[in-house]
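I have placed the structure first, in the form of structure tokens, so that the comments after it can refer back to it.
By convention here, the first residue in the shown sequence is residue 1. If you're wondering where the values come from, they're calculated on a predicted model, not measured in any experiment.
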Amino acid sequence: AIVGLTIHAIIRFLFLFFYLISYYRISIRKIRFDYLKKQWEYILPMGAGMIVGSLGKHADKIFLLSLLSANDFAIYSIGNLNIPFIAMLYGAIGSVILPKISTYSKNNEHGKASTLWKNMILKNAIITIPVVIFFFIQAESLFILLFTEKYVFSANIFRILLLILLIQMLGHGYILRGFAKTKTIFYGKIIRTLISLVLGYFLVTYLGVIGAAVTYLVSFSVNAFYQLEKTRQLCHVKWFDLLPWIDFFLITLITLPSIVSILIANYLIEGVFLQLSVSSVLYFILLIIPLYKSNYIDKLGLNQILFNKK
């Protein structure tokens, strides 16, 4: 498989190389090797980090296959359910701010880069925190609806892995990537892999599938906070000023009263489909109103769409 992928990569490279020569008259003599060196210094740690990080990323599954049964692996795999629109949100926002951060890095404008990054985190948090709370509460109903009661235990796996979104929303590598500190990202992935391999063996052995989920959560979080600490040092700020902590607290506080609608719907309505449908509608309607009054809809940039505000 590795040989096949290597051959495929070489063929793609040769095709692109001759295409550029034929249609754009690109010559090897015009290559700026000083620029090439800088690009190599940026890309090499990223590529090595992807290789090392893939081991840490999949260590939980490796230990599950080695130490537990196929049924346990199935329970874990089903519990490892992603919320697709959240990943799309992070990718869309991140693809916009990363080039801007790179622009600020040319003049060492750490303050402007940090402000832009914090605005991105706030936008992520306005969506992520309410979504995490909703799905954390309704996890069992969701899994009964999608996979029947046979896999209801997978909801526990889902709840643990769902907490990763609260770390992922921080965009912990953006400042480092923008300022070309890719070696730091590489070191973080090494730390994650080592934690996954050491901690994973013991937790999977003694806690089973729950241990695998905890391993993934802990290793991901340690890597993230390592990169956040390096970001803090790069931007020369205190931890309190690094992230919008007050906004995290206020968004959580705003979200809490809407939980009552979920509990009432679950108590009064029979059938998981109706419970999920009614509770989700009530929850997010009741949530949008205080978010709007607190100007968080405005900060998210959706006020024009939801309220036709100009």
Side-chain angles (χ1 to χ4, degrees), residues 71-72 74-90 122-169 207-214 216-218 221 245-300 302-303 305-307:
N71 183 60
D72 290 325
I75 291 173
Y76 184 82
S77 298
I78 291 173
N80 193 10
L81 182 68
N82 293 320
I83 304 175
F85 71 87
I86 292 291
M88 292 173 60
L89 170 72
Y90 295 159
L122 179 57
K123 287 180 171 61
N124 289 345
I126 294 169
I127 299 294
T128 302
I129 292 174
V131 168
V132 167
I133 291 174
F134 177 81
F135 281 105
F136 192 91
I137 296 172
Q138 293 292 65
E140 288 189 6
S141 297
L142 177 65
F143 275 75
I144 292 173
L145 177 65
L146 295 178
F147 307 107
T148 73
E149 292 187 3
K150 180 180 179 181
Y151 291 103
V152 69
F153 185 79
S154 296
N156 298 316
I157 308 299
F158 175 72
R159 285 191 175 108
I160 295 172
L161 298 178
L162 187 66
L163 299 177
I164 291 175
L165 291 178
L166 299 176
I167 308 299
Q168 194 176 1
M169 73 179 186
L207 299 178
V209 292
I210 296 295
V214 172
Y216 194 96
L217 174 62
V218 171
S221 301
W245 299 105
I246 295 177
D247 288 304
F248 293 163
F249 174 76
L250 292 176
I251 294 169
T252 303
L253 199 63
I254 290 170
T255 304
L256 291 180
S258 300
I259 295 176
V260 176
S261 65
I262 301 176
L263 302 178
I264 292 175
N266 289 348
Y267 180 77
L268 296 178
I269 301 173
E270 294 185 2
V272 291
F273 178 76
L274 282 178
Q275 286 179 358
L276 286 170
S277 301
V278 174
S279 63
S280 61
V281 171
L282 291 176
Y283 176 80
F284 288 107
I285 287 178
L286 293 174
L287 182 60
I288 286 175
I289 296 171
L291 283 177
Y292 174 68
K293 290 184 176 180
S294 303
N295 293 322
Y296 281 114
I297 296 295
D298 183 62
K299 293 176 182 177
L300 187 60
L302 295 180
N303 53 324
I305 298 174
L306 294 177
F307 301 101

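Residue L276 comes nearest to F134 through the heavy atom pair O-CZ, 4.3 Å, listed as atom of the first residue, atom of the second, then distance. When all heavy atoms are compared, the tightest approach of V214 to I160 is N-CG2, 4.1 Å. Shown here for A213 and L161, the closest heavy-atom pair between the two residues is O-CD2, 3.8 Å. Smallest separation of non-hydrogen atoms from S279 and S261: O-OG, 4.3 Å. Shown here for I78 and F143, the closest heavy-atom pair between the two residues is O-CE2, 3.4 Å. The nearest pair of heavy atoms linking Q275 to I269 is NE2-O, 2.8 Å.
Atom NZ of K123 is separated from atom CE of M169 by 14.5 Å, given to the nearest 0.5 angstrom. Interatomic distance, L256 CG to L253 CG, rounded to the nearest 0.5 Å: 6.0 Å. Note: N82 CG to F158 CZ = 8.5 Å, rounded to the nearest 0.5 Å. Annotation: the span from N80 atom CG to I164 atom CD1 amounts to 8.0 Å, rounded to 0.5 Å. Atom CG of residue L89 and atom CD1 of residue I83 lie 11.5 Å apart, to the nearest 0.5 angstrom. The OH atom of Y216 sits 10.5 Å away from atom OG of S221, with the distance rounded to the nearest 0.5 Å.
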TODO: Step by step, work out the side chain to side chain contact (heavy atoms under 4.5 Å, CB included) result for T128 and Q168.
DONE: CA-CA 10 Å; T128 302; Q168 194 176 1; over 6 Å; no

Open item on the list: Determine whether Q138 and N266 satisfy the following criterion, side-chain hydrogen bond (donor to acceptor under 3.5 Å, both in side chains), listing intermediate values before the conclusion.
Closed with: CA-CA 9 Å; Q138 293 292 65; N266 289 348; 2.8 Å; yes

- [ ] Determine, stepwise, if the pair Y296 / I254 fulfils side chain to side chain contact (heavy atoms under 4.5 Å, CB included).
- [x] CA-CA 10 Å; Y296 281 114; I254 290 170; 3.9 Å; yes

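Tested against I127 for a side-chain contact (heavy atoms from CB on, under 4.5 Å), the candidates V132, L165, I86 yield a single pass: I86.
Annotation: side chain of L81 is in contact with side chain of L146 (closest heavy-atom distance under 4.5 Å).
For S294 (side chain) and L291 (main-chain N/O), no donor-acceptor pair under 3.5 Å exists by modelled atom type.
For the side-chain contact (heavy atoms from CB on, under 4.5 Å) test, residues two or more places apart in sequence or in another chain that qualify with P130 are I251, T255, Y283, L287.
A 6.0 Å sphere centred on CG of L268 holds more than 12 heavy atoms belonging to other residues, nucleotides or ligands.
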